[in-house]
Protein chains: 2
Amino acid sequence: MKTDLRVVKTKEALQEALLILLKEKTLNSISVTEICLKAKVNRGTFYSHYGQIENLFEEYFKEIMKDLITSYQEPYKHVQILITSELNPSTIRIFHHIEKYKKFYRIVFSKNAPLSYYYLLFDQIKELLKNDLALNGEKEIDIAMISAYQANAIVGMVIEWSKQDFQHSANYLNQQLVRILNVN
Amino acid sequence: MKTDLRVVKTKEALQEALLILLKEKTLNSISVTEICLKAKVNRGTFYSHYGQIENLFEEYFKEIMKDLITSYQEPYKHVQILITSELNPSTIRIFHHIEKYKKFYRIVFSKNAPLSYYYLLFDQIKELLKNDLALNGEKEIDIAMISAYQANAIVGMVIEWSKQDFQHSANYLNQQLVRILNVN
DNA sequence: GGTTTTATTGAACAGTTGTTTAATAAAAAG
DNA sequence: CTTTTTATTAAACAACTGTTCAATAAAACC
């Protein structure tokens, strides 16, 4: 099962066309026709690969998710002493990753973005946190539930952050997270 | 500034048409043309009021949000065996409300639903929780952040719940929430 | 009840959508 | 290099979109 070169080419062309158009206008003012025109790809070909523009963006967003994983796993390095013992230091990197790609997260968190983008982020953070999850003999806890709880709590902060157009620094978010966790 | 009777009538007609169509097919297979045909309303009139179908559903969803508020504020009755350590009396009402309207929350949490629905729910829960928020002299905590954190944590559980098509009971969700809060 | 204001209508518009078809061109396989 | 396989293309399709316009009808106002 090789990947046909033609497929790779057209997908790349469509990806790039979308990125170019996103610099000029908003995601849902962009039409399929327009993307295909810029990518020099037949409209039928677009539909056979993606079906809708959202799926094209989603494919790009998956690349960004890869950066989230590596960012999360990369320990300390960029952190300036800050940390308390209460906070899992890896968590820290999530906010920095988002700050780095805030241009795209503005789209992800915009009102008419489909939930599918949100879910990609949510599922990824859930997965990352799940590995670090230490349940001290709490047998009755539904792992899926507590992971969803913790992951989405962090995304909640990001939503708040995005609503203020990412004015705060990533470090501020970390600081707040530490304090919130200490309240409980 | 009175509300013109004609406006009320057309909006009601459009609302009802949407609800009827939602029983037959999914939200994004429904066209504006179709709604207007069923509502006996001119397409131009639809556009002058809503612009897109999502806004029509949003208006309906706001009605459901009113139920969330009254549900949350109404004193708790439905439980037979009341174990105080296992019950979080305020949040259980949120879970019951969602269970009651799960038919609509399936739409709200579907992959291609716009984030705007999510935000309506999130903002409402945030608001409800904010009133009950007791910060014991934690001056440095950003109220907006901790509210977003807590509200979205609960919504996170609901996402997980919806991904299992609301198979669990509202009581199960609440039980889990209590246990999760005790871990911290 | 008569007048004024304003929401709704119908019709038309160019443009987009999503799908399908046979023809073509490009890659893979031998 | 030749054959086979398969992705892409162009063209055409009915349907839907979003917008605009003057004409009409229905409320609001006094």
Side-chain angles (χ1 to χ4, degrees), chain A residues 1-60 62 107 110-117, chain B residues 1-60 62 107 110-117:
Chain A
M1 190 122 128
K2 293 241 180 100
T3 40
D4 196 312
L5 276 187
R6 288 169 295 185
V7 177
V8 177
K9 279 181 195 168
T10 48
K11 283 197 170 186
E12 278 176 0
L14 289 169
Q15 290 282 357
E16 206 190 311
L18 179 60
L19 288 187
I20 291 169
L21 288 169
L22 275 176
K23 293 185 180 173
E24 298 168 16
K25 48 201 320 207
T26 70
L27 183 59
N28 50 9
S29 73
I30 298 172
S31 69
V32 175
T33 306
E34 204 170 2
I35 293 172
C36 293
L37 213 72
K38 183 139 295 194
K40 291 185 177 66
V41 165
N42 189 271
R43 212 155 46 79
T45 309
F46 172 92
Y47 281 109
S48 78
H49 283 308
Y50 296 106
Q52 49 180 323
I53 297 175
E54 283 71 22
N55 295 338
L56 181 57
F57 184 86
E58 200 169 306
E59 195 172 81
Y60 183 77
K62 281 178 184 163
I107 297 173
S110 65
K111 285 186 85 173
N112 32 19
L115 260 186
S116 56
Y117 307 159
Chain B
M1 193 126 118
K2 291 240 179 107
T3 39
D4 195 311
L5 276 187
R6 289 169 294 185
V7 176
V8 177
K9 280 180 195 170
T10 48
K11 284 198 170 186
E12 277 175 0
L14 289 169
Q15 290 281 357
E16 207 189 312
L18 178 61
L19 288 186
I20 291 169
L21 288 170
L22 275 177
K23 294 185 179 174
E24 299 167 16
K25 48 201 322 207
T26 70
L27 184 58
N28 51 9
S29 73
I30 297 172
S31 69
V32 174
T33 305
E34 205 171 1
I35 293 171
C36 293
L37 213 71
K38 183 138 294 193
K40 291 185 175 66
V41 165
N42 190 272
R43 214 155 45 79
T45 309
F46 172 92
Y47 280 109
S48 77
H49 284 308
Y50 296 106
Q52 51 180 322
I53 297 176
E54 283 70 24
N55 295 338
L56 181 58
F57 184 87
E58 198 169 308
E59 195 173 80
Y60 182 77
K62 281 178 185 164
I107 297 172
S110 65
K111 285 186 84 172
N112 32 21
L115 261 185
S116 56
Y117 307 159

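Residue numbering restarts at 1 for every chain, and letters A, B, ... go by the order of the sequence lines.
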**Fill in**
Shortest non-hydrogen pair, A/Phe46 vs A/Gln52, comes out as CZ-C, 3.7 Å
**Nearest-angstrom distance from the residue atom NZ of A/Lys11 to C1' of D/dA7** = 12 Å
**Prompt:** For A/Lys40, which contact category applies under a 4.0 Å heavy-atom criterion: base, sugar-phosphate, or nothing?
**Reply:** sugar-phosphate
**Message:** Looking at every heavy atom in both A/Ala17 and A/Ile35, which two are closest together, and how far apart are they?
**Reply:** CB-O, 3.6 Å
**Request:** Verify the contact: side-chain N or O of B/Lys9 to OP1 or OP2 of D/dA27, cut-off strictly under 4.0 Å; return yes or no.
**Result:** yes
**Fill in**
B/Asn28 atom CG is separated from D/dT17 atom P, nearest whole Å, by 12 Å
**Message:** Tell me if the CD atom of B/Glu16 is crowded by more than 12 foreign heavy atoms within 6.0 Å.
**Reply:** no
**Asked** When you measure from the side chain of A/Val32, which nucleotide among D/dA7, C/dT9, C/dT17 comes out closest?
**Response** C/dT17
**Prompt:** Rounded to whole angstroms, how far apart are CD on B/Glu34 and C1' on D/dA14?
**Reply:** 15 Å
**Message:** So A/Ile107 and A/Phe57, do their side chains get closer than 4.5 Å, heavy atoms only?
**Reply:** yes
**Nearest-Å distance for atom pair CG/P, residues B/Leu37 and C/dG10** = 11 Å
**Fill in**
Stems in DNA chain C, runs of 3 or more consecutive Watson-Crick or G-U wobble pairs with both distances under 3.5 Å, sorted by first number, are C:1-12 with D:19-30, C:14-17 with D:14-17, C:19-30 with D:1-12
**Distance-only donor-acceptor test, A/Arg6 side-chain atoms vs C/dA26 base atoms, 3.5 Å** = yes
**Asked** When you measure from every atom of DNA chain C, which of residues 43-54 of chain B have a heavy atom less than 4.0 Å away?
**Response** B/Arg43, B/Thr45, B/His49
**Prompt:** Below 3.5 Å, does any donor atom in the side chain of B/Asp4 face an acceptor in the base of D/dA27, or the other way round?
**Reply:** no
**Request:** Determine whether B/Leu14 and B/Lys11 make a side-chain contact, defined as any pair of heavy atoms from C-beta on separated by less than 4.5 Å.
**Result:** no
**Message:** Distance check needed: C/dT8 C1' versus B/Leu5 CG, whole Å only.
**Reply:** 14 Å
**Prompt:** Taking C-beta and beyond as the side chain, do B/Leu115 and A/Tyr117 meet within less than 4.5 Å on heavy atoms?
**Reply:** no
**Any side-chain donor near an acceptor of the partner, B/Ser116 and B/Glu54, under 3.5 Å** = no
**Request:** Could you walk me through whether B/Tyr60 and B/Leu19 pass the side-chain contact (heavy atoms from CB on, under 4.5 Å) test, one step at a time?
**Result:** CA-CA 9 Å; B/Tyr60 182 77; B/Leu19 288 186; 3.7 Å; yes
**Request:** Would you indicate, yes or no, if D/dT17 has its OP1 or OP2 atom less than 4.0 angstrom from a side-chain nitrogen or oxygen of B/Thr33?
**Result:** yes
**Request:** Could you state the atom-to-atom distance from CG of B/Asn42 to P of D/dA25 in whole Å?
**Result:** 14 Å
**Complete:** With sequence neighbours left out, the residues meeting side chain to side chain donor-acceptor pair (under 3.5 Å) with A/Lys25 are A/Glu34
